Every structure is written in structure tokens, then in C-alpha cells.
Amino acid sequence: MKNIVELKTYELERGIIISVMTSNLERKSAEDSLSELQFLAKTAHVEIVKTFLQTLPSKHPATYIGKGKVEEIKLYCAENNIALILFDDDLSPAQIRNLVKELERKIVDRSGLILDIFASRAKSKEAITQVKLAQMQYLLPRLTRMWTHLSKQYGGVGTKGPGETQIETDRRLIKTKISQLKDELTHIEVERFEQRKKRKEMFRVALVGYTNAGKSTLMNTLSNADVFVENLLFATLDTTVRQIQLTQSLNILLSDTVGFIRKLPSHLIASFKSTLAEVFEADLLLHVVDITHPNFTEHIAVVNSTLEELKANEIPMILVFNKIDAIQERETLRELAHQFPEAICISAQRGINIETLKETIAEKLQHDWKEETLVIPQSNNRLLAQLHEVAEIVSKEYEGNDIIVKIRIQKKVSEAVEKLLKRKAKVEI
Ligand SMILES: Nc1nc2c(ncn2[C@@H]2O[C@H](COP(=O)(O)OP(=O)(O)OP(=O)(O)O)[C@@H](O)[C@H]2O)c(=O)[nH]1
Ligand SMILES: [Mg+2]
């Protein structure tokens with residue numbers, strides 16, 4: 001059982017990638033997605049020997065690729081000593097099962113590979129627990145193939161694979177493990193919540209962006225921290241929080257956390273809730289973009305839709321275009337500035353334009369947020385609860401029959417708060 005969860009090493013395995021597009025119109029996006037999968041494979045230390053891009057009228061329900069292609073791939077794998085076949089899409093559990101049977105190789109789909117990379121990168125107890133939960137949830141409906149895969153790996157060639165009974169036992173064990181992991185995560189979430197509550201005095205700014213955009217590098221530049229930076233995907237899986245002095249009178253807390261990618265498995269987003277809380281509870285987001293990447297506009301769209309999924313799309317945001325040092329043509333930079341006038345162009349690595357960025361952060365915080373101190377009668381519990389919903393409660397002190405509440409509100413919702421307060425005549429501001 002232990003092995004099922006910890007079998008994720010592809011180290012030096014020879015693999016191929018298969019991708020299918022259903023019309024020629026999809027070619028560009030299929031090719032982009034394919035080159036990203038190659039980068040993911042490199043991150044997982046798989047040696048990619050060849051990629052197959054096939055056009056099909058529709059994806060085959062049983063085997064994803066057509067029958068003829070299955071035969072061709074089988075032959076190719078045998079002749080070229082291929083151990084692993086990566087699919088640039090998510091396969092159904094039945095497709096995986098059928099493909100394992102036909103091809104007799106390890107079959108890994110896009111979500112499976114991302115999960116495995118997360119698993120190998122997770123270091124803190126929180127990240128490990130979160131990844132394990134996502135892996136278990138992914139594994140549960142696919143147990144048959146995993147077991148077949150395991151029996152090949154550990155049972156030795158030629159021995160008969162274990163029967164359905166074993167699979168049932170494993171399925172039960174996995175379900176138990178899932179509920180244990182959920183309990184552990186609830187504990188971690190409570191701890192995190194308590195920690196965050198203590199930090200409410202300061203504005204909280206979160207770095208968000210596509211993986212490899214340069215978030216951790218910017219964190220290091222802004223805070224002199226020493227966050228792990230690497231030119232591979234998902235270098236960061238935990239959250240680092242640092243205090244930064246923006247101006248003489250303004251300190252903020254800056255957090256750096258996990259990057260996004262297209263088709264990020266939804267299990268992962270769900271189980272990374274406690275890590276991502278830094279994002280959806282932030283007062284301001286710095287959306288870091290690697291503008292040297294040919295698909296950076298698509299990356300922006302992926303990040304925006306992931307933020308929507310996290311319900312963080314209403315938070316004020318600054319678009320930060322990173323890696324300008326690597327752009328040679330001044331004309332390209334001018335075009336970018338014209339197309340995205342709101343973006344701040346920087347180089348996190350070379351420290352270019354960092355002061356402008358700091359000033360913009362300070363201005364935006366002061367422009368979008370305001371703080372107020374209210375005196376509420378202790379008897380008015382309902383108002384306090386309503387305030388919790390529309391504003392951030394920075395601090396609460398009890399004085400006689402009153403509660404002195406310091407709140408922070410986005411200016412765009414402050415009217416709603418004023419209305420709420422006006423209805424309660426006894427409140428002093
Ligand atoms: N040329 C150039 N490279 C940069 C710059 N900022 C970051 N990089 C490089 O981009 C790569 C990714 O940087 P990270 O800071 O690890 O990126 P990240 O967004 O934290 O990535 P994940 O943690 O994987 O999501 C590293 O190789 C950095 O050295 C920059 O301003 N210019
Ligand atoms: Mg990082």
C-alpha cells in the first residue's frame with residue numbers, strides 16, 4: 001500500500017508524448033500545450049525520445065488514440081525501449097486501463113504528471129498532506145491501472161497480477177486514507193487561520209502568476225529573502241511570507257506561493273486551499289508575467305481564470321511584466337507598454353524598476369482601501385457579524401459596553417458599509 005503512493009520516480013526513464021487535436025484550427029494551441037508538457041516532463045526527469053501529434057475527428061472513447069495508432073505506438077515502444085507514455089490531456093480511468101493493457105507500458109496523463117511533480121517537490125507537512133490528498137483522490141477511480149503498473153514493477157515480470165480482491169482492499173484503504181488526510185488538513189487550516197489573524201494589522205499582498213514567471217525571484221528582490229528559485233516548473237509549493245517596508249510609513253506582508261498552469265487538476269486546487277488562502281485573502285495581488293514567453297497572453301488568461309475559480313478575482317491587482325532584461329528590441333517593449341498601459345515592466349533578477357513597482361503598490365493600496373475605527377455597542381452582535389462579511393476586521397478591543405473595531409474596507413464597497421452603519425444609529429465613526 002505504501003508503495004502505491006510513493007512510486008513517483010521517473011528518474012531517467014525513456015518516454016514518448018502523445019497529443020491529439022480534433023481539428024487543424026487547434027494546431028497552435030496543441031503545439032503550445034505539447035511544449036509545456038515537454039517542460040513538465042523535463043521537470044520530472046523523464047527523457048522524451050519522441051512526440052506524436054495526431055489529428056483525429058474525435059478522441060477515441062476507449063483508447064483516446066485510434067486503433068492503428070495504438071499498433072504503431074506499440075511497435076515504436078518495443079523498438080526504442082520506451083518505458084513511459086505521456087498523454088497531453090486527461091484520460092478517463094477506462095482509457096488508462098485499456099491503454100495499459102494494449103501497450104503494456106506506464107501510461108501517465110497530464111494531471112497525473114502534474115500531481116507527481118507536486119509530490120516530488122512538496123517539502124512542508126502542509127504541502128505533503130495536500131498533495132497526498134489530491135493524489136489519493138486521483139488514484140481512487142484509477143486503481144486498477146496503478147495496481148497493474150505496480151504488479152509489473154514490484155511483482156516481477158511473468159508473475160500473475162493480484163486479483164480484484166486486492167484492488168477492493170486497496171480501494172478501502174485509500175478511502176480511509178482520504179478521510180484521515182482531510183482531517184489533518186482541517187487541523188492545519190485552523191492553525192493557519194490563527195496565524196493569519198495575528199497578521200491583519202498590515203496590508204497583505206500576494207504574488208500570483210504562471211509557474212516559472214519569476215514570483216520567487218521578485219520575492220527575493222523585494223525582501224532580501226532566500227526563496228528557492230529554479231528554471232523548472234513548480235519550484236515553489238509552499239507559502240513564504242515576508243514583511244517589506246514599501247515607504248517610510250507603509251509596511252506590507254508579501255506572500256509567495258504555488259504557481260498556476262493550464263489544466264491544473266481541480267483536485268489540486270481544492271486540496272491546496274490552505275496554501276492558497278494567502279491569495280484569496282490578500283488585499284492586493286501582484287500578477288507576475290514572464291513576458292519573454294511566447295504564450296504570455298494565454299498565461300495571463302489562465303491565471304485570471306484560476307483566480308476566478310479561487311474567488312479571488314475581485315481583489316485589486318497590479319499586472320507586473322517580468323524579465324524585461326531578456327527582451328532585446330526596444331520596439332517590442334514599446335508595443336507591450338502600448339498594449340498593456342496598466343502593466344509595470346520590471347526585471348526581478350536585475351532589480352530594474354523595482355522602486356516604481358514599490359511606489360505603485362503603495363499608491364494602489366492607498367487608492368483602493370481605507371481604514372476606519374468604529375465604536376459598536378457590545379449588544380449589537382448582529383452588526384459585527386454583518387461587518388465581518390463586507391470588511392476585514394483588523395482589530396477588536398472591548399471598552400466598557402462598547403467594542404472598538406478597526407476595519408479595513410475596499411473603497412468600492414465602502415458605500416455598502418456606510419449604509420449598514422447608518423441603519424444602526426448608535427455607531428460612532
Ligand atoms: N532573465 C530573467 N530571468 C528571470 C527573471 N526573474 C526570474 N527569472 C528566472 O526565471 C526562472 C523562474 O524563476 P522563479 O522565481 O523560480 O519563478 P516562480 O514564478 O517562482 O516559479 P514557480 O515557483 O515554479 O511557480 C528562474 O530561472 C529565474 O532565474 C528576470 O527578471 N529576468
Ligand atoms: Mg516560485
Side-chain angles (χ1 to χ4, degrees), residues 35-45 113-124 126-127 130-131 205-242 244 254-265 268-269 272 275-276 278-279 282 285-296 298-300 302-304 306-307 310 312 317-329 332-333 336 343-358:
S35 65
E36 190 169 84
L37 192 73
Q38 274 169 329
F39 201 2
L40 282 165
K42 183 177 158 210
T43 302
H45 305 292
L113 182 63
I114 294 176
L115 279 166
D116 293 345
I117 293 174
F118 267 62
S120 68
R121 298 222 161 223
K123 294 208 174 57
S124 71
E126 181 177 17
Q130 293 176 129
V131 178
V205 179
L207 291 159
V208 293
Y210 213 75
T211 176
N212 217 41
K215 300 177 292 298
S216 301
T217 310
L218 181 56
M219 174 76 162
N220 289 341
T221 305
L222 284 170
S223 68
N224 299 323
D226 194 13
V227 177
F228 182 56
V229 169
E230 197 181 22
N231 191 21
L232 286 177
L233 304 182
F234 302 114
T236 310
L237 282 200
D238 287 301
T239 303
T240 313
V241 183
R242 292 279 183 275
I244 291 167
L254 183 70
S255 67
D256 172 32
T257 185
V258 56
F260 303 151
I261 197 165
R262 79 186 91 186
K263 302 183 197 160
L264 196 60
L268 263 181
I269 300 185
F272 266 69
T275 297
L276 289 167
E278 292 294 345
V279 171
L285 302 178
L286 300 185
H287 180 167
V288 184
V289 183
D290 170 1
I291 41 151
T292 65
H293 198 288
N295 301 325
F296 80 89
E298 198 201 335
H299 290 182
I300 295 178
V302 170
V303 171
N304 285 338
T306 313
L307 288 174
L310 288 170
M317 172 153 58
I318 298 176
L319 202 54
V320 181
F321 281 180
N322 189 30
K323 310 196 187 178
I324 56 163
D325 60 290
I327 296 216
Q328 308 301 341
E329 302 82 28
T332 316
L333 277 178
L336 274 173
I344 310 285
C345 294
I346 65 155
S347 165
Q349 203 176 49
R350 301 273 179 86
I352 303 171
N353 244 352
I354 299 300
E355 280 312 308
T356 315
L357 177 63
K358 280 185 171 179

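Whatever order the structure lists them in is the order used to number ligands and atoms, beginning at 1. Everything numeric here is computed off the predicted structure, so don't read it as measured data.
The heavy-atom pair separating Gly214 from Val288 by the smallest distance is C-CG1, 4.2 Å. Between Leu113 and Ala41 the shortest heavy-atom distance is CD2-N, 4.0 Å. When all heavy atoms are compared, the tightest approach of Leu237 to Ala122 is CD1-N, 3.7 Å. Contact detail for Ala326 and Thr292: the closest heavy-atom pair is CB-CG2, 3.7 Å. Residues Arg262 and Tyr210 share a closest heavy-atom pair of N-OH, 3.1 Å. Counting all heavy atoms, side chain and backbone alike, Leu285 lies closest to Ala282 at CD2-CB, 3.9 Å.
Protein heavy atom at the shortest distance from atom 16 (O) of ligand 1 is Glu230 N, 3.3 Å. Closest to atom 6 (N) of ligand 1, if we only count protein heavy atoms, is Asn322 ND2, 3.2 Å. Scanning the protein heavy atoms around atom 27 (O) of ligand 1, the nearest turns out to be Asn231 CB, 3.2 Å. For atom 26 (C) of ligand 1, the nearest non-hydrogen atom of the protein is Val229 CG1, 3.7 Å. Nearest protein heavy-atom neighbour of atom 17 (O) of ligand 1: Gly214 N, 3.1 Å.
The N/O atoms of Ala326, backbone and side chain alike, include none that comes under 3.5 Å of an N/O atom in ligand 1. Taking distance alone, with nitrogen or oxygen atoms compared against 3.5 Å, Leu233 stays at or beyond that limit from ligand 1. Taking distance alone, with nitrogen or oxygen atoms compared against 3.5 Å, Ala348 approaches ligand 1 more closely than that limit. Here's the thing with Ala235: one of its N/O atoms is less than 3.5 angstrom from an N/O atom of ligand 1.
Between Thr221 atom OG1 and Gln349 atom CD the span is 8.5 Å, to the nearest 0.5 Å. Between atom CG of residue Asp290 and atom CG of residue Asn295 there is a gap of 10.5 Å, rounded to the nearest 0.5 Å. With values rounded to the nearest 0.5 angstrom, Leu264 atom CG is found 9.0 Å from Leu115 atom CG. Here the OG1-CG distance, from Thr43 to Leu233, works out to 4.0 Å after rounding to the nearest 0.5 Å. Once rounded to the nearest 0.5 Å, the distance linking NZ of Lys263 with CD of Glu36 reads 8.5 Å. For the atom pair Ile114 CD1 and Thr211 OG1, the distance stands at 9.5 Å (nearest 0.5 Å).
Contacts with ligand 1 closer than 4.0 Å are made by no heavy atom of Asp290, backbone or side chain.
Evaluated by nearest non-hydrogen atom to atom 29 (O) of ligand 1, the leading choice among Lys215, Gln349, Lys323, Arg350 is Gln349. The heavy atom nearest to atom 22 (P) of ligand 1, considering only Asn212, Asn220, Ile327, is found in Asn212.
Set against the non-hydrogen atoms of Thr217, the atoms of ligand 1 under 4.0 Å away are 6 (N), 7 (C), 13 (O), 14 (P), 15 (O), 28 (C). The contact set between ligand 1 and Ala213, taken as ligand atoms under 4.0 Å from a residue heavy atom, comprises 17 (O), 19 (O). In summary, the atoms of ligand 1 found under 4.0 Å from a heavy atom of Gly259, numbered by their order in the structure, are 25 (O). Atom numbering of ligand 1 starts at 1 in the shown order; those under 4.0 Å from a heavy atom of Asp325 are 1 (N), 2 (C), 30 (C), 31 (O), 32 (N).
Distances under 2.8 Å from the Mg ion (ligand 2) pick out the protein N/O/S atoms Ser216 OG, Thr236 OG1.
Between His299 and His293, the ring planes lie tilted relative to each other; the angle falls in the 30° to 60° range.
Scored by the side chain to side chain donor-acceptor pair (under 3.5 Å) test, Thr239 finds Thr257 as partners (sequence neighbours excluded).
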